[in-house]
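These values consider heavy atoms only, across backbone and side chains, with no hydrogens, waters or symmetry-generated copies.
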Amino acid sequence: RLNYMDYIEKPPLIYWLGALSYKALGVSEAAGRLPLAILAILGMAGIIWIASWLPWPKNSSGERRSHWTPAAAGIILGTCAEYSLLSHLQTPDMAVSVCLLWACAFILRSLALPNAGGWTGPAAGVAMGLAFLSKGLIGVLFPCLWSALIWIFVPEWRGRFRFPRILGAAAACLLVALPWVVAMSQRHPDFPVYFFLHHHFARYLTSHYDRPGGWYYYIGVNAAGLLPWTPLAWAAMLGCLTRWRKLESSLRALLLWPLFILLFFTTSHSKLPTYILPIFPHQCLLTAYFLNDLSRQPKSDRWVRAAGLGLAALLTACIPIAFWLRRNAMLPEMIAPEILWIGGFTLAVIAAALAFTAWTRQEDGGATLLRRVAFSAMAMTALLLIGARRMEPYLSARAAAQEIQARWRPGDRIVSYDFYLHAIPFYLRRPVDRLVNWRGEFRLHENDPRYQDRFGDLGALATLPALPGRSFVLMPRRVAREFTTLFKPGRIREMRTFGNTVLAVL
């Protein structure tokens, strides 16, 4: 449900997990976030498992990897800025990323270790089915296209694609995903067209959803999301690209995944920063390999020095620039000076660690580098969480909801004007009674007889003062001044601001 109405835009897995958590622990913020934390841990476990058996290139001692390489892969992923952030936010991206990771893990094991057993095909199919139930067609499309790219660009593995395993994967995927599609189609006859056509193909091929971005969009997102591992991760990918012909088959297969998905989402007409989370685990695996190989590759060492010092200089330069932009009102008001100090100190910590590491020769296969940057990453996460508390009015609807709850009386109503705050029903345990000048994800229900009284235009606002009880009207701050012109003096009892949200009482 979304605002107590049927919600069919997204598949159900993350919402099922949330419902189970509520059943077991009661409805709370912690219970709502618990599935995200579990999924994030499963993602870390996935790349640790891959790194434990993947046939890495041999080093000068004849070893395939250092003993700490699997743990390094998990640490790198768990401390990436975007991965850490999305383990706290209720979006489907963590679920689909983790399911895709496990699908890739089973496919990779089937190809890298062809005698591993026939169970890898059905296991990959189950993971793909769960990925579909997390976010739709990409859960099936991405592993299939990645497998096709492996067949093309890793020719020595072509003979390892076995039809029984492919058939087992397809059957398992259908067994997991198809029942939900059939049930939804029976309950909502318009579901197939709305879900597949509008929210897959139209979202990708058209700008209808107004989420634009240039070709560089996801390069910037990836640079920020990988912090503080960005120099190492990019050096790892560049190093693999420059040695493509001599690269191990498994490393080429890993590298194809982030390159393909970056290209896929770059060409999309609908962009959000969270979409590329599925590439982070593969980049972290490559980074773990890069660290493992660091003391034996002088060229790689130079890449780290150049990239580390370059990023350190860039991050350090951003601090005074950010303050100058804030002083000249060129950054949003939510970027308070305290947040800039926290962010600036965070960047300075990362820059110092990277600069110091870049000048230090690594004789232990990168273990020292791993410890230093991991410490910086944990410091960054702690500081960002402290900053999030300061930014709570901008990030959460809790304060506005608590104000309404404290003053609520039977007969009162909640109106949302020109936007919708998803958390209001969660905190108040009741729906928003009317959406004015906003359809968004509710567009399907606008003409549904069950919900028609939930929608309105500006004329609906004008009638609010004449209705019995009080109206609590939530709106973005950008329309607050216009809102005051719609009523005669005295009709608006009071207005309060919570971050970028304004609460008016009529």
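The closest side-chain heavy-atom distance from F195 to M184 is not below 4.5 Å. The side-chain heavy atoms of S21 and R33, taken from C-beta on, include no pair separated by under 4.5 Å. At least one side-chain heavy atom of L17 sits less than 4.5 Å from a side-chain heavy atom of L39. At least one side-chain heavy atom of F161 sits less than 4.5 Å from a side-chain heavy atom of I150. The shortest side-chain heavy-atom distance between Y7 and R1 does not fall under the 4.5 Å cut-off. Counting heavy atoms from C-beta on, the side chains of P11 and F132 never come closer than 4.5 Å. Between I424 and S416, every side-chain heavy-atom pair lies at or beyond the 4.5 Å cut-off. Looking only at side-chain heavy atoms (C-beta outward), N222 and W234 come within less than 4.5 Å of each other.
Across all non-hydrogen atoms, the minimal contact from I107 to P143 is CD1-CB, 3.9 Å. In this structure, A131 and V96 approach most closely via the heavy-atom pair O-CG2, 3.7 Å. Closest non-hydrogen pair, S84 versus S87, comes out as O-OG, 2.6 Å. Across W157 and A253, no two heavy atoms sit closer than the pair CZ3-CB, 3.9 Å. Considering all non-hydrogen atoms of both residues, D418 and N437 come closest at OD1-O, 3.6 Å. Nearest heavy atoms, S134 versus C99: OG-SG, 3.9 Å.
A donor-acceptor pair under 3.5 Å is absent between the side-chain atoms of S268 and the main chain of K271, judged by distance alone. Side chain of T79 to backbone of I75: a donor-acceptor contact under 3.5 angstrom is found. Checking side-chain atoms of N3 against main-chain N and O of V432 turns up a donor-acceptor pair under 3.5 Å. Judged by distance alone, with hydrogens and angles left aside, the side-chain atoms of H188 form no donor-acceptor pair with the main-chain N or O of I8 at under 3.5 Å. T287 contributes a side-chain N or O that, together with a main-chain N or O of Q283, makes up a donor-acceptor pair within less than 3.5 Å.
One distance of note links OG of S250 with CG of L254; it measures 6.5 Å at 0.5 Å rounding. In this structure, SG in C240 is found 11.0 Å from CD in E248, a value given to the nearest 0.5 Å. The structure places CG of L2 at 8.0 Å from OH of Y15, a figure rounded to the nearest 0.5 Å. Atoms CG and CG, on L25 and L34 in that order, are 6.0 Å from each other to the nearest 0.5 Å. Atom CZ of residue F142 and atom CG of residue L137 lie 10.5 Å apart, to the nearest 0.5 angstrom. One distance of note links OH of Y218 with CD1 of I279; it measures 10.0 Å at 0.5 Å rounding.
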L108 vs W53, test: side-chain contact (heavy atoms from CB on, under 4.5 Å). Steps then yes/no. CA-CA 11 Å; L108 196 60; W53 53 257; 4.3 Å; yes
Set out, in order, the CA-CA distance, both residues' side-chain angles and the distance that settles side-chain contact (heavy atoms from CB on, under 4.5 Å) for W438 and F455, then state yes or no. CA-CA 8 Å; W438 180 261; F455 300 94; over 6 Å; no
Could you walk me through whether Y451 and D6 pass the side-chain contact (heavy atoms from CB on, under 4.5 Å) test, one step at a time? CA-CA 10 Å; Y451 306 124; D6 293 344; 4.2 Å; yes
Do E82 and L226 pass the side-chain contact (heavy atoms from CB on, under 4.5 Å) test, and can you show the C-alpha distance, the side-chain angles, and the key distance before you say yes or no? CA-CA 7 Å; E82 185 163 338; L226 281 170; over 6 Å; no
Before giving the answer on salt bridge (charged side-chain N to carboxylate O under 4.0 Å, His left out), spell out for E29 and R398 the whole-Å C-alpha distance, their side-chain angles and the decisive distance to 0.1 Å. CA-CA 11 Å; E29 293 171 328; R398 178 166 57 179; 3.1 Å; yes
Using ring-ring contact (aromatic ring centres under 6.0 Å, His included), reason through W229 and Y83 one step at a time and then give a plain yes or no. CA-CA 12 Å; W229 303 96; Y83 193 85; over 10 Å; no
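The aromatic ring centres of Y275 and F265 sit less than 6.0 Å apart. A distance of 6.0 Å or more separates the ring centres of W146 and F153. Within the 6.0 Å centre-distance limit, the rings of F442 and Y420 are counted as a close aromatic pair.
Other residues, nucleotides and ligands place no more than 12 heavy atoms under 6.0 Å from the CZ atom of R187.
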Enumerate donor-acceptor pairs with a distance under 3.5 Å from any side-chain N or O in residues 256-264 to protein atoms, sequence neighbours excluded.
from	atom 1	to	atom 2	distance (Å)
W257	NE1	P278	O	3.0
W257	NE1	H282	ND1	3.3

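Ionic pairing of R454 and D448 is not present here: no N-O contact between side-chain nitrogen and carboxylate oxygen is shorter than 4.0 angstrom. Note on R252 versus E156: salt bridge recorded, some NZ/NE/NH1/NH2 to OD/OE distance being below 4.0 Å.
Applying the ring-ring contact (aromatic ring centres under 6.0 Å, His included) test to pairs two or more places apart or on separate chains, those with a residue in residues 107-129 are F106-W119.
Residues that satisfy the side-chain contact (heavy atoms from CB on, under 4.5 Å) test with R162, not counting sequence neighbours, are P114, N115, P164, R165.
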